[in-house]
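Okay, so here's the structure we're looking at.
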Amino acid sequence: MTSIPILRSDTTLVFDDRPVEKRVGLVVLATDHTTEPDFRRMVAGERIGVYTARIAYANPTTPENLRRMQPRLAEGAALILPDEPLDAICYSCTSASVVMGDDAIEEAIASAKPGVPVITPPAAARRALTALRAQRIAVLTPYTEQTSRPMAAYFGVHGFDIARFTCFGLDDDREMARIAPASLVRAAVEAMAPDADALFISCTALRSAGVAAEIEAAIGRPVVTSNQATAWATLRLCGDDRPRPEGGRLMTLPLPAEAQP
């Protein structure tokens, strides 16, 4: 075999502080089909990089199974660009965030990524509804009644009036991800209450963020979805304040102060 000489370059290299200006971490379920495509479409770009870790999760979607993810949160967060700071990190599961509690999730992630702002879908949804001045809401979830009840309690505890709460009765997040967007639009129209200020569509598995503006046009009121809200909060925390009306009314608004219990 002929030996090929290897030359070492004498070029003086210049290093940027970061390959990408802003870094966003995503902790997603092993079964998640939707969060990463939504964040690629709504958040990632030349200025913002999105980096994902998956954690073990097994269906069915019950409060008990959702709680089992809690010990894995710190490990998942630690795998995202180890020993490097992030500008935000999102745990992408609405129902689990409600069952475990936002504070518990923030504490677990902070143990691996101290000082990084933590975003959960329900907390982002609360800030979104505050930005939209919505206090009386309708809620649509894909979950069973058992898994939906903690969601209703969560928004009630945080001062929202629920005019109507509708669920699909599904218990597998992979099946939730397969619901056709057109079906979500029809279901959202049916789930909206006449006297509600806005509609919240829960679940990061649903492909509802892509049709939020279409639903708004159909119901004449603002729409907040789990992935839309987390994307909006992430963009604003990264200093991206550009209005994006194609993503719904929320995507044109600034981030208000943290919602209080």
Side-chain angles (χ1 to χ4, degrees), residues 26-44 50 52-69 72 76 90-100 119-122 124-125 128 138-152 154 164-192 199-219 223-232 234 246-248 250-251:
L26 280 180
V27 179
V28 303
L29 280 58
T31 51
D32 188 312
H33 285 269
T34 309
T35 299
E36 288 162 309
D38 274 353
F39 265 65
R40 280 198 301 270
R41 177 172 54 84
M42 295 189 288
V43 177
V50 177
T52 304
R54 288 179 172 256
I55 61 174
Y57 173 71
N59 283 290
T61 301
T62 63
E64 293 74 23
N65 277 350
L66 294 166
R67 287 191 189 94
R68 289 190 179 100
M69 282 187 282
R72 303 164 187 150
C90 173
Y91 171 52
S92 192
C93 187
T94 319
S95 53
S97 298
V98 164
V99 168
M100 294 182 217
I119 301 166
T120 70
V139 180
L140 174 63
T141 83
Y143 320 126
T144 62
E145 183 177 338
Q146 179 193 22
T147 304
S148 293
R149 287 197 179 282
M151 187 73 61
Y154 176 93
R164 181 180 293 168
F165 197 112
T166 306
C167 70
F168 293 152
L170 302 178
D171 66 359
D172 190 316
D173 69 322
R174 297 163 297 182
E175 188 176 13
M176 299 171 195
R178 291 173 46 231
I179 300 172
S183 291
L184 292 174
V185 174
R186 291 192 298 272
V189 171
E190 294 176 2
M192 185 60 187
L199 173 66
F200 171 54
I201 305 176
S202 179
C203 192
T204 57
L206 294 180
R207 290 177 289 163
S208 50
V211 290
E214 184 178 348
I215 296 170
E216 286 184 338
I219 67 176
V223 170
V224 174
T225 84
S226 291
N227 286 349
Q228 175 214 39
T230 54
W232 165 75
T234 298
E246 69 279 4
L250 175 63
M251 300 298 283

* **Close side-chain approach of Pro60 to Asn65, heavy-atom, < 4.5 Å** => yes
Value for CZ (Phe200) from OG1 (Thr94), rounded to nearest 0.5 Å, stands at 5.5 Å
Item to check | Under 3.5 Å side-chain donor-acceptor pair for Thr61 and Asn59 | outcome: yes
Residue pairs passing the salt bridge (Lys or Arg N to Asp or Glu O under 4.0 Å) test with at least one member in residues 175-187, sequence neighbours excluded, are none
Next item on the list: Apply side chain to side chain contact (heavy atoms under 4.5 Å, CB included) to the pair Ser92 and Asn227, showing each step before the final yes or no.
Entry: CA-CA 8 Å; Ser92 192; Asn227 286 349; 3.9 Å; yes
Separation between CD1 (Ile119) and OG1 (Thr234), nearest 0.5 Å, reads 3.0 Å
d(Asp172 CG, Thr31 OG1) to nearest 0.5 Å is 7.5 Å
Contacts of Ser95 meeting side-chain hydrogen bond (donor to acceptor under 3.5 Å, both in side chains) (sequence neighbours excluded), chain-then-number -> none
d(Glu214 CD, Ser208 OG) to nearest 0.5 Å is 12.0 Å
Exercise for the section: State whether the side chain of Arg207 and the backbone N or O of Ala177 hold a donor-acceptor pair below 3.5 Å, judged by distance alone. Expected result: yes
**Request:** Test side chain to side chain contact (heavy atoms under 4.5 Å, CB included) on Thr230 and Phe39 and set out the steps.
**Result:** CA-CA 9 Å; Thr230 54; Phe39 265 65; 3.5 Å; yes
Review point. More than 12 foreign heavy atoms under 6.0 Å from CD of Glu145: is that the case here?
Key: no
Taking the side chain as every heavy atom from C-beta outward, state whether Ile201 and Leu184 have any atom pair closer than 4.5 Å. no
Separation between CD (Glu190) and CZ (Arg164), nearest 0.5 Å, reads 9.5 Å
#### Entry: Heavy-atom side-chain proximity of Val224 to Trp232 below 4.5 angstrom
no
Item to check | Heavy-atom check, side chain of Cys93 versus side chain of Leu66, under 4.5 Å | outcome: yes
*Quick one: are Thr147 and Asp171 in side-chain contact, heavy atoms under 4.5 Å?*
no
Exercise. Are Phe168 and Met176 side-chain neighbours, meaning at least one heavy-atom pair lies under 4.5 Å?
Worked result: no
Residue set satisfying ring-ring contact (aromatic ring centres under 6.0 Å, His included) with Tyr154, at least two apart, ordered chain then number -> His158
Rounding to 0.5 Å, atoms CG (Leu206) and OG1 (Thr34) come to a distance of 7.5 Å
